[in-house]
Amino acid sequence: MTVQDQTVAWDRRSTAGLTELITGLYQEALSNEGLDEKADFFESGGDSLTAFQITGRIQEALGTEIAVALVFAYPTPGELAEIVAEELAEAPAGVAHE
């Protein structure tokens, strides 16, 4: 399943679906299909440019703004998915997250 397919199938209430989406984005941005939801961004070769790529793709997929600092504060796809899901649940659709 491509990231675009995952975006279509993703349910805003599903942290598992969001984790799958973000894991796929990590795999694409870091060119490593072996990464899973516990893969550490830094240990996997991530840098600031890659963090911007990941947040840009998340923003495109979800239609909302995600702060790049979240990738650094929550470096695994699973952790990032949890915090993004919390932020999405707390704010009305279309509100920027900083």
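For this chain, numbers begin at 1 and follow the sequence in order. A quick note: this is a predicted structure, and the numbers were derived from the prediction, not measured.
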With rounding to the nearest 0.5 angstrom, report the [atom1] to [atom2] distance, [X] to [Y].
X: Ile58; Y: Leu70; atom1: CD1; atom2: CG; value: 8.5 Å
X: Ile22; Y: Thr55; atom1: CD1; atom2: OG1; value: 10.5 Å
X: Glu82; Y: Glu87; atom1: CD; atom2: CD; value: 13.0 Å
X: Thr76; Y: Glu37; atom1: OG1; atom2: CD; value: 8.0 Å
X: Ile54; Y: Tyr26; atom1: CD1; atom2: OH; value: 5.0 Å
X: Leu35; Y: Gln27; atom1: CG; atom2: CD; value: 6.0 Å

Close side-chain approach of [X] and [Y], heavy atoms under 4.5 Å:
X: Thr19; Y: Thr15; result: yes
X: Phe72; Y: Phe41; result: yes
X: Leu21; Y: Leu62; result: yes

Looking at every non-hydrogen atom in both residues, tell me the closest pair between [X] and [Y] and how far apart they are.
X: Thr23; Y: Pro77; result: OG1-CB, 3.3 Å
X: Ala85; Y: Leu18; result: N-CD2, 3.6 Å
X: Leu25; Y: Arg57; result: CD2-CB, 3.6 Å

Could you go through residues 43-52 and list every donor-acceptor pair under 3.5 Å that involves a side-chain atom there, pairing it with any protein atom two or more places apart or in another chain?
residue: Ser44; atom: OG; partner: Asp40; partner atom: O; Å: 2.7
residue: Asp47; atom: OD1; partner: Leu49; partner atom: N; Å: 3.2
residue: Asp47; atom: OD1; partner: Thr50; partner atom: N; Å: 2.9
residue: Asp47; atom: OD1; partner: Thr50; partner atom: OG1; Å: 2.8

